[in-house]
Amino acid sequence: MSTFSEHVVTWQRQHGRHALPWQNTQDPYRIWLSEIMLQQTQVATVIPYYERFLDTFPTVADLARAPAEDVMQLWAGLGYYTRARNLHACAQQVLANWGGQFPPTAADIETLPGIGRSTAAAIAAFAYGERSPILDGNVKRVFARHFGIEGDPSKRPVELIMWGLAGENLPVVSSTTADDMRSYTQGLMDLGATVCTRGAPDCGRCPVRGTCVALREARQHDLPTPKVRKKSPERDTGMLVLERDGCVLLKMRPSPGIWGGLWSLPEFALASGAEAAWRELGVKAQEAFELPVFSHTFTHFKLHVTPWHVRVDEAAAADGAAPGTGLDKAEWWWMPVARAGDAALPAPVKKLLAGLFVDGGLF
DNA sequence: GAACCGTGGCG
DNA sequence: TCGCCAAGGTT
C-alpha cells in the first residue's frame, strides 16, 4: 500500500512537467525569481518576463545593484508591483545580510521581503531538497478534493486545516531523499495545474484517485467550496494625454497603491473637468479631444477611464511659461512617444498610447 | 480577519 | 460580455 506522497512522487517523474525554464536548476536565485513571478500569475504569462529578467540580471548581485527604475521597467505588465519592489529589496538583503547566498533553510528564507511560508518552502524544497510543505492555490484545490475538505480555503480555519494536511502528507522522514522532496513539491503543483484542474478534473489520470474523497462521492465540482464574492465597486476617472513635441507627460504613481512605482497618465476628477486639469499644470491647449471611455477590471474594483488627448501650445512653451518646467523631476516625465513600449507603464495605459500613436504618428 | 494589490485567459 | 481566478504576501 503506497502513501499519498509516494504516488505523487512516482507520477511526477513520469507525467509531471520537467521543461519549464526554472526547472532543471538548483540555483536558489533562479528558483526564487520564478516563485515570485508565479505568485497569482499563470505559467504562460510568466515565461517571457522570466527570460528577460534573467538576461538582464543573471545573478542576485546584478539585480541588487540595478536601479529600481530598471527593475520596474522589466516588471511592467506583470501586475502586483509590490512584488517587484520586494524583489529588489530582497536581492539587496541577500547581498548585505547573507553574503550574497540565499539563506540555507525555509525558516530563514521566509524572513526576506515578499516571501511567505509557502514560497519559502517551495524555494527550499527545489534548491535544497528541504522537507517543508507548500500550500498554494493548486495544493488547496487538490487537498480540498482528495481529503474532502469543506469551506472556503482562503478562510483562516480552513487554511489551518490544510497546512496540517500539508505537513502530515509529506514524504516520510526516514526514507526521503532531497530529490523526492523536489519531485513531491513539483508533483503537487503539476497535479493541480494539469489534472486536478478547476473546471474539468481528469480523474482517470490522477495518481491518487484511489483515495480521493471527492471522486468517491462525485463531488469534484463542489470542491473546493467557492468563495463568496461581494460585487466589486466601480470608479470613474479622467486621464490626460498631454502631447508636446513628440512627448507625453507622465506622473509617477505613489506606492503603495494601484500601479505604485509605475509611470502613468495624470488623472483628474471628471466633476472638475479636463480643462481645469491641464490649466493647473500650466498648459495651454492648442487642440483637445475627448476620447472613448475604456474600462479596466482589477481584482476588487472596476475603473472607467475617460481619456483626453491634448496638444500643448508650443508658443506658450516658448515664452517662459513652458509646461512642465515647474514640475518635480522625480514625479513628472515628458516621455518620448517612441519609448511607450519599453517604459514602466501600466498595461492599459500602454495599450491606450499604442492605439493613439500607431507607427509613432502624432494625431 | 479583511482589504488591498494587476493582468490575461477561459468558458 | 462577464465572472472567475492563477506557483500569495502585506498591512
Side-chain angles (χ1 to χ4, degrees), chain A residues 16-17 20-23 30-50 72 75-87 89-90 109-126 133-142 152-160 162-163 166 185-194 196-200 221 224-235 253-262 264 294-303 344-351:
Chain A
R17 296 173 293 184
L20 296 170
W22 40 85
Q23 293 182 303
R30 292 174 175 244
I31 293 164
W32 161 69
L33 179 61
S34 75
E35 291 299 330
I36 301 301
M37 286 189 164
L38 287 161
Q39 287 170 357
Q40 302 298 98
T41 311
Q42 295 184 341
V43 167
T45 304
V46 165
I47 288 175
Y49 284 88
Y50 181 78
M72 296 309 295
W75 199 275
L78 199 52
Y80 285 112
Y81 298 97
T82 297
R83 291 186 296 172
R85 291 191 296 277
N86 281 335
L87 190 83
C90 181
I109 293 172
E110 194 181 341
T111 66
L112 295 165
I115 303 178
R117 183 176 175 185
S118 185
T119 299
I123 296 169
F126 290 136
I134 61 166
L135 188 64
D136 60 25
N138 281 324
V139 181
K140 284 177 178 175
R141 186 170 54 257
V142 171
D152 178 355
S154 69
K155 295 298 182 186
R156 176 60 70 181
V158 181
E159 192 175 38
L160 282 177
M162 292 198 172
W163 271 117
T185 303
Q186 186 65 52
L188 283 179
M189 296 175 172
D190 291 351
L191 204 51
T194 67
C196 195
T197 58
R198 185 172 66 91
H221 295 285
T225 307
K227 63 181 63 173
V228 289
R229 290 214 182 238
K230 304 173 198 173
K231 72 167 187 219
S232 64
E234 308 199 3
R235 301 180 197 168
R253 300 278 312 191
S255 68
I258 290 281
W259 297 333
L262 297 191
S264 186
F294 70 90
S295 299
H296 186 73
T297 305
F298 294 88
T299 309
H300 51 299
F301 70 95
K302 194 173 200 174
L303 186 66
L345 312 179
V349 172
K350 196 171 277 199
K351 205 172 296 180

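A note on names: the letters A, B, ... follow the listed sequences, proteins ahead of strands, and every chain is numbered from 1.
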Inset, instruction - Using a 4.0 Å cut-off on protein heavy atoms (strictly under), produce a 5'-to-3' string for nucleotides 4-11 of chain B with B for base contact, S for backbone-only sugar-phosphate contact, and - for none. - result: SBBB----
Legend entry - Distance, P atom - from C:dT1 to B:dG8, rounded to whole angstrom: 16 Å
Inset, instruction - Fit a plane to each ring of A:Trp22 and A:Tyr50, take the angle between them on a 0 to 90° scale, and name the class: parallel (under 30°), tilted (30 to 60°) or perpendicular (over 60°). - result: perpendicular
Legend entry - Donor-acceptor side-chain pairing of A:Arg141 and A:Thr197 below 3.5 angstrom: no
Legend entry - N/O (side chain, A:Lys155) to phosphate O (OP1/OP2, B:dA2) under 4.0 Å: yes
Legend entry - Among C:dC2, B:dG1, C:dT10, the one nearest A:Asn86 by side-chain distance: C:dT10
Legend entry - A:Trp163 CH2 to C:dG9 C1', straight-line distance once rounded to whole Å: 12 Å
Legend entry - Gap between atom CG of A:Leu345 and atom NZ of A:Lys351 - 0.5 Å precision: 13.0 Å
Inset, instruction - In whole angstrom, give the distance that lies between atom NZ of A:Lys140 and atom C1' of C:dG8. - result: 8 Å
Inset, instruction - Only one of A:Gln186, A:Met189, A:Arg117, A:Glu35 passes side chain to side chain contact (heavy atoms under 4.5 Å, CB included) with A:Ile134; say which it is. - result: A:Met189
Inset, instruction - Identify, residue by residue, the members of residues 115-123 of chain A with a heavy atom below 4.0 Å from DNA chain B, and return them in order of residue number, or none. - result: none
Legend entry - Rounded distance in Å - CD (A:Glu159) to C1' (C:dG9): 11 Å
Legend entry - Flag for A:Glu159-A:Ser154: side-chain donor and acceptor within less than 3.5 Å: no
Legend entry - B:dC5 versus C:dA7 - spacing of their P atoms, nearest Å: 23 Å
Inset, instruction - State whether the number of non-hydrogen atoms from other residues, nucleotides or ligands found under 6.0 Å of A:Arg17 atom CZ is greater than 12. - result: yes
Inset, instruction - Using a 4.0 Å heavy-atom cut-off across all strands, classify A:Trp32 as base, sugar-phosphate, or nothing. - result: nothing
Legend entry - d(NZ, A:Lys227; P, B:dA3) in whole Å: 12 Å
Inset, instruction - Evaluate the criterion side chain to side chain contact (heavy atoms under 4.5 Å, CB included) for residue pair A:Val228 and A:Asp152; output intermediate values, then yes/no. - result: CA-CA 8 Å; A:Val228 289; A:Asp152 178 355; 5.7 Å; no
Inset, instruction - Find the distance A:Asp152:CG to B:dA2:P and express it as a whole number of Å. - result: 10 Å
Legend entry - Note, A:Ile36 side chain near A:Ile115 side chain (heavy atom, < 4.5 Å): yes
Inset, instruction - With DNA chain C as reference, determine whether A:Leu38 or A:Glu110 sits nearer its 5' end, using the nearest nucleotide of each. - result: A:Leu38
Legend entry - Ring centroid separation A:Phe298 to A:Trp259 under 6.0 Å: yes
Inset, instruction - Determine the interatomic distance between P on C:dG9 and the same-named atom on B:dG9; round to the nearest Å. - result: 24 Å
Legend entry - Donor-acceptor pair, side chain of A:Arg85 and main chain of A:Gly260, under 3.5 angstrom: yes
Legend entry - Rounded distance in Å - CG (A:Leu87) to P (C:dT10): 13 Å
Legend entry - Protein-nucleotide distance (A:Ile36, atom CD1; C:dG8, atom C1'), rounded to Å: 9 Å
Inset, instruction - Could you tell me whether A:Arg141 contacts a base, only the sugar-phosphate backbone, or nothing, with contacts defined as non-hydrogen atoms closer than 4.0 Å? - result: sugar-phosphate
